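Notes follow once the structure below has been shown.
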Amino acid sequence: MSLNRFFSFSLPLIIMLFSFSIYISISKMITTYETTINNDYSIVLVTTTPITQDVIKKGISFNVKNLKTLSREQILADLRDDVTDGSFALLQTKLPYFYTLSLQEFPTSSSLEKLKKELLSIQGMKSVETFSKDHDNVYSLFLFIKSVSATMFAFMILFTLFIISNQINLWFYEHSERLHIINLHGGSLLYGAKPILKLALLSGLFAGIVVVGGIFYVQQNIDLIFSPELAQLITQSNIVYTPIEVVSIVLISLFISFATVFGVLIKHRFK
Amino acid sequence: MIHANNLCLSYDGKKDIIHNGKFHIQEKDFVFITGSSGSGKSTLLKSFYNGIKPKSGTLLVNNTNMLKVGKSKIRELRKNIGIIFQDYKLIKEYTVEENIMLPLKLNNYGDAKSLEQARKLLKHVKLSSKGHCMPDELSGGEQQRASVARALAHNPKLILADEPTGNLDDYSAELVWSLLRKANEQLGITVVVVTHRIPDNFGLSYRKFDILSGDIYES
């Protein structure tokens with residue numbers, strides 16, 4: 001097995017696995033971001049009559065996490081010193097009811113519009129104030145990066161398949177005489193292809209280990225590798241790979257490697 | 001061992017190279033197939049290991065019908081045949097020893113047993129000191145003896161040889177003929193050899209098939 005061929009197998013796999021881990025990391029960042037802003041944001045509801053969580057649940061197509069009542073007394077107390085007695089008495093009778101609504105999932109800008117419409121159609125609903133638009137912009141940016149990384153990952157799979165299958169075809173061409181002699185003696189194509197299967201196994205494992213090692217290295221040295229702002233964002237996002245994800249990276253590497261070899265083997269078998 | 005009736009062989013399906021061939025090769029026979037260049041003698045030998053599928057007729061090798069045989073059955077058939085070629089067909093990435101071990105490994109002998117048998121055969125073909133050499137480090141005669149050793153390694157019932165001495169000097173050729181004679185005489189292996197010249201004073205009774213214009217004649 002030449003070192004040259006070993007690396008021509010491993011390198012595309014490593015590049016593909018890194019793009020996969022980037023995709024996983026971004027997905028994790030988005031999930032963490034969603035959780036964070038889900039905890040931070042609230043939708044403020046203003047109603048003319050008291051309202052319950054059940055009424056809200058029935059009126060909208062989103063999963064309600066909770067509905068908190070904002071204390072009218074507290075609001076009135078805050079305003080007490082700023083208005084005259086007459087105005088205060090009027091406020092007491094006219095002041096609407098305030099609530100903060102939280103959802104179980106993070107809504108996008110389009111679903112937020114829909115939510116607002118549904119809330120306003122509930123009887124007694126006077127006004128609905130959604131949260132800052134900044135969150136939505138950041139979220140959209142994250143989603144964009146996620147789709148870019150997913151596209152990149154898909155391209156990398158194609159690139160890897162192309163490079164590896166070319167290498168295997170080259171190997172078959174170089175070893176055609178050996179395969180022919182083995183075939184003349186009753187050996188199967190699979191028997192003749194043992195070296196390339198061994199290469200697929202070793203390079204698949206090597207690529208998986210390199211990428212997993214790379215991920216751990218990056219995790220341990222975030223401050224050294226990234227700018228302080230990005231390092232903070234990554235640390236806050238808590239991108240930790242579970243053992244299952246680590247194993248899945250190695251398995252994907254082996255799967256792609258073997259699938260390509262077997263694909264080419266099948267092609268040669270029916271030639 | 002080999003039974004042919006109305007056997008027709010053709011590469012393009014139109015022009016017959018062998019036409020209505022009829023013969024019967026018994027176990028322990030030593031058979032020479034002769035004919036002029038391009039007469040179809042190598043093609044006939046090829047058909048015995050399914051290197052070419054018969055166009056029509058009957059061809060039974062080791063009771064395997066070569067007209068209807070599937071890929072896995074071909075593999076089984078070939079595993080039980082020893083084949084020798086004019087150009088030796090040794091695997092250049094393997095050592096001489098590993099080349100001889102190939103049919104043994106394909107027949108599921110263990111590594112240790114394969115190695116033991118390969119070394120025994122290397123001694124038999126007078127190549128004991130060349131086991132670890134690569135084939136291109138050997139002379140033509142030595143390569144052909146290694147090829148004979150490979151053909152004998154797994155004690156096949158049938159050895160097919162296509163011009164085994166075609167590229168060899170007289171001394172090396174005689175060594176190969178003597179190995180084939182011994183295989184037939186002492187081990188009872190059926191040997192079918194394609195050659196354009198049968199050695200003088202062969203020292204063993206044999207049968208001779210002549211191919212002339214696609215027809216097979218026994219003389």
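All values reported here derive from a predicted model rather than from experimental measurement. Throughout, a chain's letter reflects where its sequence line sits, starting with A, and its residues are numbered from 1.
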Would you indicate whether the side-chain heavy atoms of B:L102 and A:Y191 approach each other to under 4.5 Å? yes
Would you indicate whether A:F255, at its atom CZ, is surrounded by more than 12 heavy atoms from other residues, nucleotides or ligands within a distance under 6.0 Å? no
Would you indicate whether A:L158, at its atom CG, is surrounded by more than 12 heavy atoms from other residues, nucleotides or ligands within a distance under 6.0 Å? yes
More than 12 heavy atoms of other residues, nucleotides or ligands under 6.0 Å from CG of B:N63: is that the case? no
Flag yes if more than 12 heavy atoms outside A:F258 fall under 6.0 Å of its CZ atom; otherwise flag no. yes
For side-chain hydrogen bond (donor to acceptor under 3.5 Å, both in side chains), just list the numbers for A:N183 and B:R75, CA-CA rounded to whole Å, side-chain angles, deciding distance to a tenth of an Å, and then say yes or no. CA-CA 8 Å; A:N183 178 258; B:R75 282 204 295 272; over 6 Å; no
Evaluate the salt bridge (charged side-chain N to carboxylate O under 4.0 Å, His left out) criterion for residues A:E177 and B:K89: first the C-alpha distance (whole Å), next the side-chain angles of each, then the deciding distance (0.1 Å), finally the verdict. CA-CA 8 Å; A:E177 195 190 336; B:K89 292 212 188 307; over 6 Å; no
Among B:N107, B:I83, B:I91, B:L77, residue most engaged with chain A (heavy-atom pairs, under 4.5 Å): B:I91
Point-to-point distance, once rounded to the nearest 0.5 Å, from CD1 of A:I181 to CZ of B:F85: 8.5 Å
More than 12 heavy atoms of other residues, nucleotides or ligands under 6.0 Å from CD of B:E116: yes or no? no
State, with a plain yes or no, whether a side-chain heavy atom of B:K79 is found less than 4.5 Å away from one of A:H185. no
Output for pair (B:I74 CD1, A:L184 CG), nearest 0.5 Å, gives 11.5 Å
